[in-house]
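Convention: sequence-line order gives letters A, B, ...; per-chain numbering from 1.
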Amino acid sequence: MSSRKLVSTIYDHQIPQTIRSSLHWAQTKSTHLSPPFLPKPPSFLATNIIKSYFEKWQMKEAQLLFDEMPNRDVVAWTAMISGYTSCNFHKRAWTVFCEMTRDSINVVPNEYTFSSVLKACKGMKSHFCGSLVHSLVIKYAMPGCIYVENVLLDMYSTCCESMDEASMLFEEISSKNAVSWTTLIAGYTHQGDGHGALRVFRKMLLEEAEMNPFCISIAVRACASIGSYMYGKQIHAAVVKHGFQTNIPVMNSMLDMYCRCSSLGEADDCFYGMAEKDLITWNTLISGYEKTYPNESLNIYARMESEGIAPNCFTFTSILAAVANLAVLSFGEQVHGAIIQRGFGGNLELDNALIDMYAKCGNIMDSRKTFDQMSSKNLVSWTSMIIGYGSHGYGKEAVELFDEMVESGAMPDQIVFMAVLSACSHAGLVEEGLRYFRSMAGDYKINPEQQIYGCVVDLLGRAGRVEEAYELIRSMPVMPDETVWAVFLGACKMHKRPDLGKLAVSRVLELRPGIAGTYITLSNLYAADGNWVEFAAARKLMRRLGNKKETGRSWVELQNQIYCFVSGDKVGTHIEWVYAVLDKLVQHIKDVGFVPDIDDFLHDLDMDNLVHDLEVGT
DNA sequence: CTAGGGTTAG
């Protein structure tokens with residue numbers, strides 16, 4: 001319906017069903033006006049209709065009506081700005097604001113206008129627009145209004161790289177309220193500075209500001225982000241004290257906190273203690289179990305379905321991650337089917353999770369198919385695909401995809417560089433990898449982090465260029481951490497360089513003592529040298545640590561059955577089939593000229609037992 | 001006509 005017709009229907013009292021409710025609302029608000037419809041429709045009536053259009057996401061209708069309003073006051077303008085913002089059309093909201101300022105003879109923005117447009121700036125992540133509005137706020141002598149101050153705070157928190165501007169502004173607010181505190185804490189948390197967030201939260205407690213569920217839930221989220229079980233537990237006590245245990249968002253973030261602090265038992269307690277749960281509650285538990293117990297994660301999902309709760313995109317991304325961890329292709333395909341069936345096909349995050357799932361389940365073709373069919377891609381999409389190629393040994397494809405990504409205009413980050421570097425490393429594309437490494441600082445002004453150095457050390461090390469890898473470590477602008485040395489250690493081991501290897505071991509032990517694997521490698525280095533005294537000493541040290549290297553497991557999926565086995569397995573379901581397949585594989589790799597490295601195997605099994613026998617004196 | 005919280009992917 002055109003707005004002209006709409007206006008005439010208002011005159012004719014033929015109110016369409018769609019706007020009857022809002023009109024009714026307007027009438028009850030205007031009982032002092034008699035008759036209810038003035039010769040010209042009062043601005044507030046049209047404004048309320050505009051508002052109700054936006055609530056139904058009917059932006060065209062709202063705009064049409066606004067365009068035909070004879071007297072557009074500040075309230076109508078603000079309704080347009082806030083309406084577009086609430087529909088996530090932030091740029092459009094900004095344009096409306098600009099139009100409004102051009103009409104400044106007839107209309108002057110007020111605190112409502114500034115609040116709305118600042119929210120749009122936040123949505124656009126535009127520090128430029130935001131500070132422009134800030135200057136207008138000052139010009140119109142608007143500071144002092146707590147609504148405007150709080151949304152300015154929020155805008156600076158989201159649009160700035162650091163929290164400096166926001167916290168400065170916060171200090172200047174004379175009458176801070178609970179919203180101001182919550183906004184500041186949320187700002188720190190969302191920027192990944194959990195410690196900063198908790199510092200502010202502590203200050204808030206000391207100043208005895210009003211405590212409410214909003215603030216608690218974001219503080220708990222801060223605990224979760226830094227993995228602080230101690231603080232999380234303390235805030236849990238405060239939650240009980242304030243009687244917030246029935247608040248679902250509070251308990252959801254509490255649940256998430258326990259999951260991220262790997263206290264799944266307490267997460268369970270939270271979950272079962274909740275009288276009321278919502279979809280986020282279930283999703284949080286499913287995603288909490290996904291990393292460590294993917295099996296259990298799927299069980300929880302099954303329980304959720306049996307209780308008649310419908311999953312959403314969040315649910316399915318966690319489920320796909322669980323399936324990817326389990327690497328069970330047949331299950332992954334079923335989940336993919338369910339996703340399409342429920343109408344979640346084409347969701348960006350889900351497609352990214354599908355790429356990852358198919359790659360980890362060994363079906364790189366379907367990863368690529370998913371990737372190609374995506375209508376829009378983000379960095380994660382490209383990275384997932386490159387990691388998939390890399391782990392399948394398709395270095396050339398990974399490199400090509402990276403170049404294609406750059407051509408498409410996407411801005412690479414550390415992680416996607418790690419992906420392409422590790423793909424180069426596994427495929428032996430040393431020169432290509434080094435070129436990418438140099439381009440990071442050269443073309444993209446990215447300072448490589450430790451993990452990038454780890455990748456390049458691996459790249460050189462695998463290719464046998466151990467000396468160059470060592471030189472790279474020595475030339476690093478930051479102190480190499482234990483992960484870099486550990487990678488280097490692997491290269492020393494692979495290319496039989498006990499001299500540099502022992503150096504690497506001592507660095508790893510200095511920086512991160514207590515990892516059994518380091519001692520194993522050290523002892524193997526001595527074994528390769530024939531130095532059995534040192535070998536035994538290293539093994540002894542390791543045994544004293546008491547922590548064992550996690551057993552590596554392998555499994556094959558055959559006709560919808562999973563057959564799981566470990567090295568040296570003698571028992572298991574159809575273990576003889578496993579060995580039959582294994583024999584064929586070994587024959588095949590021998591045929592293509594591969595010589596397996598059995599050094600570790602010998603030391604780990606036979607020599608270790610020998611040392612043990614010597615120790616106990618048998 | 002205006003402000004703050006909880007679950008997803010590399």
**Study point:** Listed nucleotide nearest any side-chain atom of A:A186, set B:dA3, B:dG5, B:dT2
**Key:** B:dG5
Point to revise | Under-4.0 Å salt bridge between A:K233 and A:E266 | key: yes
Review point. What is the distance, rounded to the nearest whole Å, between atom CG of A:N150 and atom P of B:dG5?
Key: 11 Å
Exercise for review: Please determine if A:E305 and A:R342 form a salt bridge, counting it only when a charged side-chain N lies under 4.0 Å from a carboxylate O.
Suggested key: yes
Revision key, fill the gap. From CD1 of A:I185 across to P of B:dG4 the rounded distance in Å is 15 Å
Practice item. Round to a whole Å and report the spacing from CG of A:N352 to P of B:dT8. Key: 15 Å
Revision key, fill the gap. Considering only heavy side-chain atoms of A:S115, the closest of B:dT7, B:dT2, B:dT8 is B:dT2
Exercise for review: From the options B:dT7, B:dT2, B:dG4, select the nucleotide whose nearest atom is closest to the side chain of A:S82.
Suggested key: B:dT2
Check your understanding: A:N177 side chain: which of B:dA3, B:dT8, B:dG5 is closest?
Key -> B:dA3
Check your understanding: Checking all strands, does A:D73 fall into the base, sugar-phosphate, or nothing category for heavy-atom contacts under 4.0 angstrom?
Key -> nothing
Practice item. Look at the side chain of A:E349 and decide which nucleotide, out of B:dT8, B:dC1, B:dG10, has an atom nearest to it. Key: B:dT8
Practice item. Using a 4.0 Å heavy-atom cut-off across all strands, classify A:I248 as base, sugar-phosphate, or nothing. Key: base
Practice item. Return the nearest nucleotide to the side chain of A:F214; candidates are B:dT8, B:dG5, B:dC1. Key: B:dG5
Review point. Out of B:dT2, B:dA9, B:dG5, which has the shortest distance to the side chain of A:S116?
Key: B:dT2
Practice item. Check every strand shown and say whether A:N347 touches a base, only sugar-phosphate, or nothing at a heavy-atom separation below 4.0 Å. Key: nothing
Review point. Rounded to whole angstrom units, what separation is found between the OH atom of A:Y188 and the C1' atom of B:dG5?
Key: 18 Å
Exercise for review: Verify the stacking flag for A:Y147 against B:dA3: centroid separation must be under 5.5 angstrom and the ring planes must differ by under 30 degrees.
Suggested key: no
Exercise for review: Figure out the CE/C1' separation between A:M204 and B:dG5, and round it to whole Å.
Suggested key: 12 Å
Review point. Do you know which of A:T182, A:N177, A:T183 makes side-chain hydrogen bond (donor to acceptor under 3.5 Å, both in side chains) with A:S180?
Key: A:N177
Practice item. Check every strand shown and say whether A:V220 touches a base, only sugar-phosphate, or nothing at a heavy-atom separation below 4.0 Å. Key: nothing
Point to revise | Short side-chain N/O contact from A:K119 to OP1 or OP2 of B:dA3, under 4.0 Å | key: yes
**Study point:** Sugar-phosphate only, base, or nothing, as touched by A:R260 at under 4.0 Å among non-hydrogen atoms
**Key:** sugar-phosphate
Practice item. Round to the nearest Å and state the distance from A:I173 atom CD1 to B:dG4 atom C1'. Key: 12 Å
Review point. So what does A:N312 hit on the nucleic acid, given a heavy-atom distance under 4.0 Å: a base, only sugar-phosphate, or nothing?
Key: nothing
Check your understanding: Given the side-chain rings of A:H134 and A:Y156, with only the six-membered ring counted for Trp, is the space between their centroids under 6.0 Å?
Key -> yes
**Study point:** Check: A:N247 side chain, B:dG5 base, donor-acceptor under 3.5 Å
**Key:** yes
Study note, to complete from the structure: The nucleotide from B:dG5, B:dT7, B:dG10 with an atom nearest the side chain of A:P249 is B:dG5
Exercise for review: Assess whether one donor atom and one acceptor atom, taken from the side chain of A:S384 and the base of B:dG10, lie less than 3.5 Å apart.
Suggested key: no
Review point. Looking across every strand, which nucleic acid part, if any, lies under 4.0 Å from A:I415 by heavy atom: base, sugar-phosphate, or nothing?
Key: base
Practice item. Among B:dG4, B:dT8, B:dG10, find the nucleotide with the atom closest to the side chain of A:T183. Key: B:dG4
Review point. Do A:D351 side-chain and B:dA9 base share a donor-acceptor contact under 3.5 Å?
Key: no
Check your understanding: For A:F402 and B:dG10, what is the distance between atoms CZ and C1' respectively, to the nearest whole Å?
Key -> 13 Å
Check your understanding: Hey, does A:A76 reach any base, or is it just sugar-phosphate, or nothing, if we go heavy atoms under 4.0 Å?
Key -> nothing
Practice item. Check whether the side chains of A:S157 and A:D154 place a donor and an acceptor atom closer than 3.5 Å, and report yes or no. Key: no
Point to revise | From B:dT7, B:dG5, B:dG4, nucleotide with atom closest to A:S217 side chain | key: B:dG5
Exercise for review: Using only heavy-atom distances, decide whether a donor-acceptor pair under 3.5 angstrom links the side-chain of A:T383 to the base of B:dG10.
Suggested key: yes
Practice item. Using atom CG of A:L348 as one end and atom C1' of B:dA9 as the other, report the distance to the nearest whole Å. Key: 8 Å
**Study point:** side-chain hydrogen bond (donor to acceptor under 3.5 Å, both in side chains) partners of residues 273-292 of chain A, not counting sequence neighbours, each pair once
**Key:** A:N252-A:D278, A:N252-A:T281, A:D268-A:Y289, A:D278-A:T281, A:N283-A:N312, A:N283-A:T315, A:E290-A:N325
Check your understanding: Would A:F437 and A:Y453 count as a close aromatic pair, with their ring centres under 6.0 Å?
Key -> yes
